[in-house]
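Worksheet for the structure shown next.
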Amino acid sequence: RIMILRRYNANGLVDLSFGNNGTAVSYNNSLGYGTARHILIQNDGKILVAGNVTLTYAGTDQTFQRGVVWRFDSNGFYDLSWGSSGRSLLIGTYVLSVAAYQPAGASSQNIFALVSTISPDDYFLYRLLPNGSLDTTFSGGDGKKDVSRNSSQLLVKDNGFYLLDS
């Protein structure tokens, strides 16, 4: 699948000034196909889209998935200054469940992403820095926290975060 992000005007018509005639797309030959799960608009108007990307093992036709966070400028084009050309792959992950970021006024604007591995009981919460790189000061230096359960909701505050399990 190709992840497509569209912006609509208040009157319900596609905003043709956004992206390419109203559409931003996640596919390119080096990153594979994307599936969006969450969209977040940052206070500066930048758009975070969190989801999964399907990649192919080199020299084979076997595929695997990774969690990914894309960031677009408010005009619908990749923010090339963020992560790696507007994308941040979450290493060793499988499927992204939910994402959030620290609100305005927080000491930092870190981005959190909860992902599962191929094992059904392994869930990790990743923290990305405002520049899209993995925060190696989070949870022992590898940028991820083993939370052992899937969560349907993630709320981030300046002094911590909440996960809602069901």
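Fair warning: this is a prediction, and the values are worked out from it, not measured in the lab.
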| task | Ignoring hydrogens and angles, tell me if any N or O in the side chain of Asp142 forms a donor-acceptor pair with the backbone of Lys144 under 3.5 Å. | result | yes

| task | Could you tell me whether a side-chain N or O of Ser88 sits under 3.5 Å from a main-chain N or O of Gly132, the two making a donor and an acceptor? | result | yes

Interatomic distance, [X] atom [atom1] to [Y] atom [atom2] [nearest 0.5 angstrom]:
X	Y	atom1	atom2	answer
Arg7	Leu16	CZ	CG	11.0 Å
Asn21	Arg6	CG	CZ	11.0 Å
Arg87	Tyr78	CZ	OH	4.0 Å
Asp135	Leu129	CG	CG	4.0 Å
Gln42	Leu48	CD	CG	4.0 Å
Leu89	Ser84	CG	OG	7.5 Å

Between [X] and [Y], is there a shared hydrophobic cluster once you connect ILVMFWY residues whose side-chain heavy atoms come closer than 4.5 Å?
X	Y	value
Leu80	Phe72	yes
Leu5	Tyr8	no
Val68	Ile41	yes
Phe77	Trp82	no

| field | Counterpart residues, side-chain hydrogen bond (donor to acceptor under 3.5 Å, both in side chains), relative to Ser74 (two or more places apart) | value | none

| message | Under the rule for side-chain hydrogen bond (donor to acceptor under 3.5 Å, both in side chains), what residues qualify as partners of Ser133, not counting sequence neighbours? | response | Asn131

| task | Could you give me the CA-CA distance, side-chain angles and deciding distance for Leu40 and Ile47, then say whether side chain to side chain contact (heavy atoms under 4.5 Å, CB included) is met? | result | CA-CA 6 Å; Leu40 305 163; Ile47 305 162; over 6 Å; no

| request: List the atom of Ala24, the atom of Gly76, and the distance in Å for their closest heavy-atom pair. | output: CB-O, 3.2 Å

| said: Please determine whether side chain to side chain contact (heavy atoms under 4.5 Å, CB included) holds for the pair Leu134 and Arg127, giving the CA-CA distance in whole Å, both sets of side-chain angles, and the decisive distance to 0.1 Å. | reply: CA-CA 6 Å; Leu134 195 61; Arg127 186 165 77 185; over 6 Å; no

